[in-house]
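In what follows, every heavy atom counts, from backbone to side chain, and hydrogens, waters and symmetry copies are set aside.
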Amino acid sequence: MSQAVKPASSDVVSKEESSHFQQLLRELANSETSTADGRENFDHISYIIKQILQTGKEEIFSEQLTGFIYKKEAEIEKMCGFHYQEFVQSVDQLLKVREGAGQLKGTIIELNQQMQATGSQLVAKKKQMVENQQTMLNIELAIESLQSCLFVLDIANKINASLESRKYYSALKMLEELRSTHLRNLRQYTFAKHMNEWIPLMQEKVREAVLSELRDWLVSIRENTRKIGDKALEHIARKQERAKNKSARAERGGMAVSESSVNIGLSLDVINTDDEDDDLAGNNDVKIDFKPLYQCLHIHEVLDKRNEFRARYEEQRKMQADLMLSQKFSFDGGDMKGFRGYLNDVVGFFMIESIVLSSTHNFRSRSAVELLWVNAMEKMNDVIIASLQECRDPDLFLSIRLAVVNFINTMESYGFAVTSLMDLMLSLLDRYADLMKSICSDNLIQIIDDDEYAPQVVNNQHEYDEVMKAYKLKEESKAKTLKHVGDWAASIRFPKTLPFSRGFPQLCSRIKDFINGFYRFAEGFEQQYNEMDDLLKKSLENLLIQSVGGTLLQKIMVNNLSQVVQIIVNLEHLEMACAEFEIILTEKRISHKAGTVKLSATKSFRESRLICEKRLFELLNMKIDDFLELADYDWLASSNPHGHSPYLDDLVSFLTGVITSTLANLSSTMRSQIYMDVFKHLAKAVHNVLLSPDVKRISPTFVEVLDPDIAFLEKFAAGVEGVNGGEAFAELRQTVTFLKSPHWEDILNPAVKEKRYARIKLNNLAALLEKMKGDTSVFGKSTSAEKARRKSIDGVLKGIKALGR
């Protein structure tokens, strides 16, 4: 049998593909021969065909199959050459196979066509199914994304709702939840980007909302601050009053209670330990809800903007404080309403600061509040002092002081330092002291101007008691000698004349009112007691020395003896009144220093009294000189009229009136001093008349005339009780006695002079002797007696000159 020839292929087949198809053909051949079950063989063939169809190599496979067939036919033909019979059989079989192969091929082609058609549909369906599955997946993803977005939008709506219902913290929590959780899964969407941009805006909106509520809250507390301050001041005032009542009850019960323990300033111990604890920021009258502040603080903490909010809050409170403290008020007409409202505002403001400081942590620093308080006190001092510039009402000052004291106690009870306010109190005290001193000075001067300068007459017991309140008379000591004060009081007979004038008790009463008013104003401030005591003493000294003493000294520059005498009496009692003032100052001395208070006004009044006494001497001497001017002596008298000169009757009558009435209220010592001075001046004046250059000559008869005048004056002086009047006229008496003596040369005898003429001054005597020499002119006619007298006088004068050397 000839060898089969392999058909040529128009397509070039690679070795790998050729090997692959050869392997498939071997598997087909092996499956044909080794598999008994035709079904399994069919499945295997179908699988091989499927692979061929999937690879799209049907023609190549067909060519390989044809080649394989040719090859097998050649092998068969070869084998047939060895086994012809078998070959024939094989040929028959092959023919059958061929026929079967042809049928198989047709079947395969048919199946292939069916499979191609079915596969195309299947691929189309599969592709559509894949597309549908992708669409479904996209739809599911879209639904899931939309649900997430809708959830985010729902949360956004809830955030808006929370914002509208003012649930700011809840809104911030949801915003943070959106940012950190829900939007994280949606970050690939533009929606998430927009939402992420929206979140900070909403956070800022929340912040603005709480800040808006805070601003409204600040406005509301500014409106309620005055009410809070008013309640706080009333609260402390009530506690203070209870403390005073408690101290008073303890004192009545026999407990030792010091004066300072009931002072306003020291009552804080009792106040602070009181069990009553009023909620001043949340009572029935005033309601302050701090929720907006705490909420705002919490929101800013969540937003991590606590420091920014703290700085903003401090600035707002500082602005409110500046606005509050810059308020102007006036005390016109004694109106305290504006001032009390001002204090109420300050108390309420810092009460709120105290509450915020104690109820928050690391928000309002104590140093910041204290700095605000220090600045507030400085501005308060300036505003209050400026408002007091035109205030001239002491009672209003006292009301202001009480209000400031209550303010200080209230602020101190809340832990605020009040040292600077004590300085304000000192300023108030200085102003009050100046005002009181000014008013008191005007009153004292007015009292002195209106005084009648006559001994005061009290007509009944009531008037007498009023005088006793102002000044303790020495007569009060008489009561100690009686068994009952009532007996002493009954012993007083009215009307009663007092030594001092009506103005004196008025002066004492006004000065005591000044002292009491000062201490009433200074009550309760132990920290400044030293300054207050010194200020009062200085002011009182000024009033006594300048206003009283100085004005009285101006009043003595008149020619009214009665007024000058009454001023002396008043000054004498003012000296004694100073001792009473010193006792009052010592008893009321709030600094509790050891020792007693000494007023220099006592010495000043004593010095003023001496000045007044000199003025009295001047007036009396001037009056005496006026009377002496009326004396009409005949210096060359030749006869003696027998008796004293008529002008002396008027002079003695005047002196008698002065002694018995005008000087009656002076002390006996002072009266004796005045009497003695008057008599000395009178004697000296008479003596000076004799020595006057206008008197050229004196006759011996004139000496006889002068002798009864001197005797009259000596008699009058001797009749004045408490003074040795004769001593004042000793020189004049010895001079007249000498001039009447026939032995003038006795003056040159030291023993005789010492015994009889010790008071005579030789110079004055020489002048008188010159005047008694008579007419020494060449034309004068002298008797032998006159010549003898002249000769005697010359001898005495020579002796006097010799003694003078």
Side-chain angles (χ1 to χ4, degrees), residues 394-395 436 439-520 540 543-544 547-549 551-552 555-556 560-585 587-588 601-602 605 608-609 612 660-668 670-671:
D395 294 333
M436 286 290 291
I439 295 176
C440 186
S441 177
D442 293 341
N443 292 340
L444 294 176
I445 293 174
Q446 188 64 44
I447 291 171
I448 293 173
D449 289 339
D450 295 341
D451 197 0
E452 298 175 353
Y453 295 102
Q456 181 178 4
V457 178
V458 291
N459 298 309
N460 51 54
Q461 187 65 44
H462 174 71
E463 292 182 4
Y464 186 79
D465 292 340
E466 289 297 319
V467 173
M468 291 292 293
K469 289 180 183 179
Y471 174 69
K472 302 296 182 184
L473 289 169
K474 289 184 177 180
E475 294 179 359
E476 189 181 10
S477 61
K478 295 180 181 179
K480 299 179 180 178
T481 63
L482 301 175
K483 292 182 178 180
H484 302 288
V485 177
D487 296 338
W488 170 71
S491 67
I492 303 175
R493 296 292 180 263
F494 298 103
K496 181 178 177 60
T497 301
L498 302 177
F500 42 76
S501 64
R502 185 175 298 276
F504 170 74
Q506 294 176 356
L507 292 175
C508 294
S509 177
R510 188 65 189 88
I511 290 170
K512 288 182 178 180
D513 289 343
F514 174 76
I515 296 173
N516 293 329
F518 185 93
Y519 278 115
R520 187 165 64 249
L540 184 59
L543 286 173
L544 293 174
S547 301
V548 177
T551 306
L552 285 175
K555 293 296 180 180
I556 67 173
N560 188 334
L561 277 174
S562 298
Q563 179 169 327
V564 176
V565 170
Q566 191 61 61
I567 290 174
I568 293 175
V569 174
N570 288 356
L571 284 171
E572 185 178 8
H573 283 85
L574 280 170
E575 286 185 57
M576 294 183 285
C578 283
E580 189 173 334
F581 299 151
E582 290 172 352
I583 294 173
I584 295 174
L585 291 177
E587 291 175 350
K588 289 182 172 290
T602 304
F605 285 140
S608 297
R609 182 162 55 86
C612 291
T660 57
S661 61
T662 306
L663 303 181
N665 288 327
L666 294 177
S667 65
S668 58
M670 186 177 296
R671 288 199 305 270

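Separating the SG atom in Cys440 from the CG atom in Asp513 is a distance of 8.0 Å, to the nearest 0.5 Å. Distance check, rounded to the nearest 0.5 Å: CD of Glu572 to OG of Ser667 gives 4.5 Å. Distance CD/Glu580 to NZ/Lys472: 7.0 Å, rounded to 0.5 Å. Taking CD1 from Ile556 and CZ from Arg609, the interatomic distance works out to 13.0 Å, rounded to the nearest 0.5 Å. Note that CD1 of Ile583 and SG of Cys578 are 11.5 Å apart. Values are rounded to the nearest 0.5 Å. Taking CZ of Arg510 as the start and CG of Asn443 as the end, the distance is 4.5 Å to the nearest 0.5 Å.
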>> Evaluate Leu498 against Val457 for side chain to side chain contact (heavy atoms under 4.5 Å, CB included), listing each step before the verdict.
In response: CA-CA 6 Å; Leu498 302 177; Val457 178; over 6 Å; no

>> Run the side chain to side chain donor-acceptor pair (under 3.5 Å) test on Gln446 and Asp442 for me, step by step, so that the C-alpha distance in whole Å, both residues' side-chain angles and the decisive distance to 0.1 Å come before the verdict.
In response: CA-CA 6 Å; Gln446 188 64 44; Asp442 293 341; over 6 Å; no

>> Using side chain to side chain contact (heavy atoms under 4.5 Å, CB included), reason through Leu543 and Leu444 one step at a time and then give a plain yes or no.
In response: CA-CA 8 Å; Leu543 286 173; Leu444 294 176; 4.3 Å; yes

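Without hydrogens or angle criteria, Ser509 side chain to Pro505 main chain gives no donor-acceptor distance under 3.5 Å. Looking at Asn570, its side chain does come within 3.5 Å of a backbone N or O of Ser501 through a donor-acceptor pair. Arg671 places a side-chain N or O within donor-acceptor distance of the main-chain N or O of Leu666, the cut-off being under 3.5 Å.
Between Leu585 and Tyr519, some side-chain heavy-atom pair lies under the 4.5 Å cut-off. Counting heavy atoms from C-beta on, the side chains of Phe581 and Leu544 come closer than 4.5 Å. Between Leu574 and Leu552 the shortest side-chain heavy-atom distance falls below 4.5 Å. You'll find the side chain of Leu507 stays beyond 4.5 Å of the side chain of Phe500, heavy atoms only. Looking at Gln461 and Phe494, their side chains come closer than 4.5 Å, going by heavy atoms from C-beta outward.
Counting all heavy atoms, side chain and backbone alike, Tyr471 lies closest to Lys512 at N-NZ, 4.1 Å. Scanning both residues, Pro455 and Thr497, for their nearest heavy atoms gives CB-CG2, 3.6 Å. The two residues Ala470 and Cys508 come nearest to each other via the heavy atoms O-CB, 3.3 Å. The shortest non-hydrogen separation linking Val569 to Asn665 is CG2-O, 3.8 Å. Across all their heavy atoms, Ile447 and Gln506 have their closest contact at CG2-OE1, 3.4 Å. Closest approach of Cys612 and Ile567 over heavy atoms only: SG-CG2, 3.8 Å.
Partners of Phe514 under the ring-ring contact (aromatic ring centres under 6.0 Å, His included) rule, at least two apart in sequence or in another chain, do not exist in this structure.
A salt bridge does not link Glu463 to Lys496: none of the charged nitrogens lies less than 4.0 Å from a carboxylate oxygen. The pair Asp449-Lys555 meets the salt-bridge criterion, with a side-chain N (NZ, NE, NH1 or NH2) lying under 4.0 Å from an Asp/Glu carboxylate O. For Arg502 and Glu452, the salt-bridge test fails: no basic side-chain N is under 4.0 Å from an acidic carboxylate O.
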